[in-house]
Amino acid sequence: MKIRDFFSTLNFSISILNDRNNEDVRNFEDNFDDIMRSSIEYIRRLAEDNADALSEDYDIDDLVLDDYDYISDETFQNTDIYAISMKYIASKYLNSHRYLIPELEKEIEERGLVFREEESYIDDFHENLVTALLALKHDYEENYGDLLEEIPEEVASVLRVGTEQSEKEEAFKRLYNQYGNATMVPYNVRRNVMMMGYYSLFGLQGLDSNNGSQSSLKIKNSFHMKDYIQGYVERLEPVYKTEIVNSILSMVYQLDRFGEIYEKIEAHNDRMRRYGLPGLGYQSDEKEIYPKLPRFERLMTEENLMKQNIDDLLALNAFYNNRFAKIMNEYALALFVIGNLDMTQRCVDGEEITKSRLTQNKLNMLVTKYQTLILPIKQYYAEEQSKIQDNPYVFVEDATEFEVSSEEDSRVKKQIEIDPSSFIKRVTKAWRNDYKDYYNLRLPDVENNLEDDLAFVNILYNPIFLSYRFKHDSIKAVYAYLDFLSKEEPNRSLNFGIVLGNYNDNRKNNILLAFDGLLDSTVRLHMDKEEFKDFLMAQTGSTDIRMFIGFEDFYFGGEYISSQLVAPQCKEHEKFLKVVKNGSISKEFPSVRVTPINERFLQHAEYNMNKTKFMPAHKITTIKKNKKGKLVQEAVQPVMKYNMDTAKKYIQREDGEFVEEAEFNSLNDIGDLEV
Amino acid sequence: MDKKDFENKLKNKKIDECVSILRKELIEILTKKIQEKDKYFRYSTTKDLHNKAKICLKQQYSEIASRLYNFDIMYELDEYKLDEMLEMYKILSKE
């Protein structure tokens, strides 16, 4: 696409500045001093940690740019989470719906599909099933192809049977009688023969436990043989968990480098103290008032995270990706302002930049300048994105192709060199001298070199672009996994989905999603409405979305309490909740008690810790038969769905079916029953 | 696309609705173009569309798919989106 001329770009940039829906710009203006202070601290820490590297030829500005490249590299390492999530869900689905395999195999044949090393998982659930099956078959052939070709003739002759299930089972029993039951032969040899037979006869699908005869299943179990697909999914799990944990840790590490973790701990503790819940905070280095508080760092170790459920890890991953994306946005703008004022070194030397030091006009002009540069850079990223076939995540400036491999994962991640110089030339040509003339007049003490400015913004934008992509992917991954769990494990209590009411922010195109889990806070994230609707269709075949229950519990006396940090639950917080609930006097927390302000929040937290079956404020009653066959009403936590097209709400009945809210209420209103 | 309806909405400055209509239209055109190369392709999300366009379509179209996807994940002014989408629509409807 052609480059937009300077004045048209400028007009949009000025509109962005005036757009009250633009959270990024609004947030930057409202919290300018705080953002600037954090950014300057980041620069100072960077200078301090790399004091030896700084010289006349390599100054602090170079160091910041190199650090941004490093951040992009680090962010890039998290690319696999989305794909492996989709692969894991599809593989687990295939394992529990094996009857689909023959049909999918037929489709693979018709479409002439073959396994590709770079397995490509997308938003379309059906396509993911096909890709996962191709990968599964490939893995099976890799592991058992040779083995099955080398079956000794005397064993093979036993296995040579027809295609009927009964014939195969008969052959399996014969094999057992001839070889498996030969007790004089060592167990591992017998097991090998039985495994050859098992896989040869029943393939990767295994013996259907619903249709297989009891004696065949008994033989299978006596050799501790797993169906191939089940074993495959079990092998995937630790790899998957490791990937998510690494992603969480790298995001938390990056946030910590920017001083964000400490700040958020302070903010979280302040709030919790204000609402009479100091024991739900974290140990802070400076204010060790409550010795029984957990250390955030201790909860976020690899060891502790590996113990958590996959759904909770995915929610943590989405939360920290989202936080990281926001921070990258804020810091980019702040670093742009610092760089333009040529104050990077002076900030290292102790100078501060505050709103009162800059005129509003100058600040507006710098933000407008940044936006003017960002718009063509976004176009540049779209251009590059559309060229690269192998991997969509390849935006590392001046990086040569390199390989990343580990013991667990031998796959190769490629970063392809991209060179923005020709694009910058195109912009320079399209904007001629307009850029320089315009900004020289309005920002006379600033170097307004278009080529340098574009190159600078390009580097600043790189991690923003990557983190926003991962943010959306990570939200999709956690929703898809929880939706999958809700169907596969219907008895598991899960609270996730869209937040309805007046809680969605001013961005009319956004929806708010929330996820509860065995975590110490609820994860709340925004997502583009249209994109999520399409995603739901692609994943589930409908625009029904699960509804999150109890969002109003986060309003303390009218003030909304957002999650500053999220970590796995810990015994210290659990103990504190017990103290509050029992109204016991505690030495550490002498003044805590349940109040009308924090009551619902506490009920929500208890429910999350699996301490209660429902949150009293949100319970509903359903009718069920008791042991004596008598109809009784039972209080339960509602499971609700919302249709994004029709705006209708549905409640799950006892039998698992969803019915419209009104119908549900009328069905459950049958007079005075025992409760 | 109902052009009259679109023009009315544009006249009444219902920018977000115009964006939504154009987004759908652009997706439909790109989907058809991909289906000419891969009859099994069906639209799911702009992310998938952009990944598929990279393989099947010429760069100019693939770029449009990338822009559409980026509009879904990054906040942009509706007026800017509309302007860009109209440009994309012009390119796509040329053939």
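Throughout, protein chains are lettered first and strands after them, A, B, ... in sequence-line order, and every chain is numbered starting at 1.
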With heavy-atom distances below 4.5 Å as the criterion, would you say the side chains of A/Ile16 and B/Tyr80 are in contact? no
Flag if over 12 foreign heavy atoms under 6.0 Å of CD, A/Glu109: no
Just verifying a value: how many Å separate [X] [atom1] and [Y] [atom2], rounded to the nearest 0.5 Å?
X        : Y        : atom1 : atom2 : result
B/Tyr40  : A/Glu110 : OH    : CD    : 5.5 Å
A/Phe12  : B/Leu77  : CZ    : CG    : 7.0 Å
A/His472 : B/Thr46  : NE2   : OG1   : 9.5 Å
A/Asn128 : B/Ser44  : CG    : OG    : 9.0 Å
A/Ile122 : B/His50  : CD1   : NE2   : 11.5 Å
B/Asn70  : A/Tyr468 : CG    : OH    : 13.0 Å

Side chain to side chain donor-acceptor pair (under 3.5 Å), paired with B/Thr45, selected from A/Asp534, A/Asp123, A/Asp124: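 It is A/Asp123; the other options fail the test.
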What are the two closest non-hydrogen atoms of A/Leu375 and B/Glu76, and how far apart are they?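 Taking every non-hydrogen atom into account, CD2-OE1, 4.2 Å.
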If you look at every heavy atom in B/Arg67 and A/Ala382, which pair is closest and at what distance?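 Shortest heavy-atom separation between B/Arg67 and A/Ala382 comes out as CD-CB, 3.4 Å.
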Tell me, please, which residues at least two apart from [X] pass ring-ring contact (aromatic ring centres under 6.0 Å, His included).
X        : answer
B/Tyr43  : none
A/Phe535 : A/Phe532
B/Phe71  : none

Which bit of A/Lys476 comes within less than 4.5 Å of chain B, counting heavy atoms only: side chain, backbone, both or neither? side chain
So which part of A/Lys471 gets closer than 4.5 Å to some heavy atom of chain B, the side chain, the backbone, both or neither? neither
For a quick check under 3.5 Å, do A/Asp19 and B/Tyr75 share a side-chain donor-acceptor pair by atom type? yes
Heavy-atom pairs under 4.5 Å with chain B: which of A/Met537, A/Lys378, A/Glu107 has the most?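 Option with the greatest count: A/Lys378.
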If we define contacts as heavy-atom pairs under 4.5 Å, which of A/Met527, A/Gln379, A/Gln539 has the most with chain B?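 Going by pairs under 4.5 Å, I would pick A/Gln379.
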Run A/Glu127 and B/Asp48 through side-chain contact (heavy atoms from CB on, under 4.5 Å) and show every step you take. CA-CA 10 Å; A/Glu127 286 301 307; B/Asp48 291 353; over 6 Å; no
Within residues 17-27 of chain B, residues adjacent to chain A where the heavy-atom gap is under 4.5 Å: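 From residues 17-27 of chain B, the residues near chain A are B/Ser20, B/Arg23.
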